[in-house]
Structures are given as C-alpha cells and as structure tokens.
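Residue numbers count from 1 along this sequence.
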Amino acid sequence: LDFSILADEGDEVRKAFGVPKAAWGLFPGRVTYVLDKDGACVSVYDNLADAASHVDAAKDALAELKPAAKAAPSNPLSGFFNR
C-alpha cells in the first residue's frame, strides 16, 4: 500500500476523536477518516451497520485526493503511526 491504515483495536483513537459508542454503549462507533498527505481530514464516513461500505467510502475519498496546494495543520494521528 502507498498509504497508512490505522486499526483502532484499543479504542484509543475513537476516544481521541470523540466518536461515541453506539447502541446504548454496547458497541464502539465505526467511523472512517481519510487524511491527505499533509494530515488534513478530507473525508469522514460514519456507518455502524455496514462495515464493508467503509472500504468503498475510503477508496472513493482516496480517488478524489489531489496534491495539497498548501500546508495543513499537523497530523493528529502522527503519534499513532510512529510507535
């Protein structure tokens, strides 16, 4: 892959981004974020019921990315990738 993927198995990122639990707190929320190379969030997809649709939503967002014209704020996930 020519991009990073983060699986949040311990709910650390979900909590950091304020993604609420679903179904009265029984399930973690499921949200897919796509960040550009500068760390700017270009897509947010939230669908707890259809996990497979997150793949298509992420692919669509990646296909629409264009090189960033200017620098974006620092990447809030950089610490998670550099462990």
Side-chain angles (χ1 to χ4, degrees):
L1 297 177
D2 59 352
F3 52 87
S4 298
I5 294 176
L6 174 98
D8 186 24
E9 294 180 12
D11 284 346
E12 189 175 348
V13 177
R14 181 190 61 77
K15 291 174 186 173
F17 275 81
V19 175
K21 287 196 169 195
W24 304 280
L26 298 174
F27 301 101
R30 178 176 287 135
V31 180
T32 296
Y33 298 92
V34 176
L35 308 177
D36 68 11
K37 289 183 179 185
D38 295 320
C41 185
V42 297
S43 176
V44 177
Y45 184 73
D46 184 354
N47 186 334
L48 179 66
D50 186 3
S53 68
H54 285 254
V55 174
D56 291 331
K59 284 181 176 179
D60 291 345
L62 289 169
E64 292 178 15
L65 279 178
K66 296 179 182 176
K70 57 183 177 181
S74 64
N75 183 346
L77 292 179
S78 61
F80 293 106
F81 292 112
N82 298 320
R83 291 187 177 181

Using the test salt bridge (charged side-chain N to carboxylate O under 4.0 Å, His left out), find all partners of D60 that sit at least two apart in sequence or belong to another chain. none
Do V55 and L62 belong together in a cluster built from hydrophobic side chains that touch within less than 4.5 Å? no
Mind listing the closest non-hydrogen atom pair of N47 and D50 along with its distance? OD1-N, 3.0 Å
For residues 15-30, please give each side-chain donor-acceptor pair under 3.5 Å, one per line with the distance, not counting sequence neighbours.
from, atom 1, to, atom 2, distance (Å)
R30, NH1, L48, O, 2.9

Tell me every residue that passes side-chain contact (heavy atoms from CB on, under 4.5 Å) with A58, counting only those two or more places apart in sequence or in another chain. T32, V34
Y33: what forms a side chain to side chain donor-acceptor pair (under 3.5 Å) with it, not counting sequence neighbours? none
How many angstroms lie between atom CG of D36 and atom OG of S43, to the nearest 0.5 angstrom? 11.5 Å
